[in-house]
Number of protein chains: 2
Amino acid sequence: MAAPAPNEAETGTLHEQIVSKLRAVLLNGELADGARIPEAQLCLRFGISRTPLREALKVLAAEGFIELRPNRGSIVAPIDPVEVGHLFEMKGALEQMIGRLAAVRATPEDAERIERAHAALGRPADPAAYTALNQDFHRALAVATHNPVLLQSYDNLQKRVLRLRFVVNENPQRVLESFGEHEGIMVAFRARARLDLAERLEEHNRLTGEAVMRTLKGESA
Amino acid sequence: MAAPAPNEAETGTLHEQIVSKLRAVLLNGELADGARIPEAQLCLRFGISRTPLREALKVLAAEGFIELRPNRGSIVAPIDPVEVGHLFEMKGALEQMIGRLAAVRATPEDAERIERAHAALGRPADPAAYTALNQDFHRALAVATHNPVLLQSYDNLQKRVLRLRFVVNENPQRVLESFGEHEGIMVAFRARARLDLAERLEEHNRLTGEAVMRTLKGESA
DNA sequence: CGGGTCATTTTTGAATGCAAAATCTCGTCC
DNA sequence: GGACGAGATTTTGCATTCAAAAATGACCCG
């Protein structure tokens with residue numbers, strides 16, 4: 001109940017709602033990686049016909065969550081370790097930018113949201129909750145840049161990374177390390193030290209990415 | 001005939017082709033900023049029915065080229081100076097990343113493409129061609145990062161910026177300055193000086209953005 | 001019993017149809 | 001002359017339908 005943050009609200013056009021719901025289905029891991037998308041079933045479930053559902057599928061495909069195979073239906077985009085590396089690399093660039101901008105632009109309200117998200121993360125409940133709270137925290141920093149173009153791109157990357165949690169279970173050792181890094185990030189943020197914050201965020205992202213990549217490689221081997 | 005580079009090829013699924021063609025219509029300035037999208041007309045022109053066209057519209061809306069107004073049709077996304085600032089800011093982060101990565105990862109073939117694109121830009125033909133050649137040049141650098149996630153995001157930003165050329169005619173003074181900056185970029189690239197290249201690309205982008213913003217403000221005033 | 005072929009069923013992609021909403025038209029009144 | 005509003009017209013959004021492609025599986029033959 002604490003963290004409804006990264007989910008889109010029930011608002012907006014019907015089309016947007018369908019896109020959100022469909023994305024949620026993918027992010028909840030209801031459909032295995034590489035699984036066929038059950039169009040008919042989802043239509044039933046959402047109470048709509050195929051036309052609007054397929055519109056949503058095309059959007060999600062453009063966002064990288066789904067793969068469209070001509071005449072052979074859509075599948076949940078399979079996780080490709082090479083692509084995961086690229087995702088984290090790209091996210092690194094955004095994290096740096098977030099650090100530089102958030103330090104300068106965060107309003108008192110932003111700062112409060114960030115502090116709260118960090119505090120919530122400080123008392124880790126179950127591992128499943130950790131991932132969500134962690135994303136809330138980082139997203140709060142992204143919001144503080146007040147750049148919606150950046151935020152949209154960041155959200156997309158975060159969600160694509162979020163899918164990985166079903167194939168690489170969170171590494172407890174890495175989670176512990178994260179807490180220390182988060183503290184450092186907060187120190188830099190509170191001091192509004194832009195370059196320091198940027199560097200810490202970038203490094204935190206890099207370390208997380210490396211841990212994920214190691215696990216990915218380990219599990220495939 | 002020289003520069004077919006940034007346009008998607010005639011390949012891919014039918015859906016992708018429709019998206020490309022539609023994007024081309026928008027980028028060619030056939031439809032004024034804020035104009036209603038003539039669904040029926042485009043269906044005729046592309047020889048398709050409304051269903052696949054509307055799928056493409058949703059994708060372009062998600063990419064930021066179109067605005068969907070419930071029950072009131074889609075319009076060409078109006079140019080908002082604030083958003084333009086955000087676009088350039090975001091692009092700045094990517095340019096930096098491109099500099100750092102391209103310097104290290106460019107293959108000899110990449111280098112050759114970059115040199116050619118730069119040479120083509122060196123002998124400026126008409127102003128319309130300049131914008132396209134300029135984008136080719138910068139895109140060649142982005143390609144040299146060998147990161148498709150980055151490239152896709154970069155392409156999207158470039159295209160959104162490209163639309164501006166119909167509202168802010170290229171400033172000759174600024175174009176001249178660009179040549180110098182491009183030379184500097186090439187020097188850094190040939191030396192594979194990652195930080196120098198990153199900084200030059202970032203600055204070049206910033207200066208371009210500032211020039212565009214000045215023109216935008218001037219014209220609205 | 002395994003492999004391969006052809007008919008059947010299912011699924012996909014796109015055109016068409018239909019109800020609801022918005023827009024336009026034109027006559028009326030102030 | 002211009003503002004208003006009822007009715008016709010167009011446009012939108014979605015459901016439905018239809019042809020073509022792929023998946024299934026029944027059958028045959030070696």
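Quick note: numbers below take in every heavy atom, side chains included, and nothing from hydrogens, waters or symmetry partners. The sequence lines fix the lettering, A, B, ..., with proteins before strands; numbering per chain opens at 1.
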Decide yes or no on ring pair (Phe, Tyr, Trp, His ring centres under 6.0 Å) for A:His204 and A:His182, but give the supporting numbers first. CA-CA 8 Å; A:His204 175 60; A:His182 287 159; 4.7 Å; yes
With side chains defined as the heavy atoms from C-beta onward, is the minimum distance between A:His138 and A:Asn205 less than 4.5 Å?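 No; the side chains remain at least 4.5 Å from each other.
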Can B:Glu109 and B:Arg113 be counted as an ion pair, charged N to O under 4.0 angstrom?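 Result for this pair is no, no salt bridge flagged.
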Any ion pair linking B:Glu83 and B:Arg163 (charged N to carboxylate O, less than 4.0 Å)?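 B:Glu83 and B:Arg163: not salt-bridged.
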How many whole angstroms separate atom [atom1] of [X] from atom [atom2] of [N]?
X	N	atom1	atom2	answer
A:Gln41	C:dT12	CD	P	12 Å
B:Leu14	C:dA14	CG	C1'	9 Å
A:Leu53	D:dC14	CG	C1'	12 Å
B:Glu39	C:dA15	CD	C1'	14 Å
B:Phe46	C:dA15	CZ	P	13 Å

For D:dC14, does either OP1 or OP2 sit under 4.0 Å from a side-chain N or O belonging to A:Thr51?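 For D:dC14, OP1/OP2 do not have a side-chain N/O of A:Thr51 under 4.0 Å.
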Please check: side-chain N/O of B:Ser153 versus main-chain N/O of B:Val149, any donor-acceptor pairing under 3.5 Å?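 It does not hold such a pair.
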Mapping A:Arg36 and B:Arg36 to their closest nucleotides on DNA chain D, which lands nearer the 5' end?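 The answer here is B:Arg36.
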Please give me the minimum heavy-atom distance between A:Ala102 and A:Leu141, naming the atom from each residue.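 For A:Ala102 versus A:Leu141, the nearest heavy atoms are CB-O, 3.7 Å.
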Selection: residues 54-78 of chain A, any non-hydrogen atom under 4.0 Å of DNA chain D: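 When residues 54-78 of chain A is checked for heavy atoms under 4.0 Å from DNA chain D, the hits, listed by number, are A:Asn71, A:Arg72.
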If you pin B:Arg50 and A:Ala40 to their nearest nucleotides in DNA chain C, which one's is more 5'?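 Here A:Ala40 is the residue nearer the 5' end.
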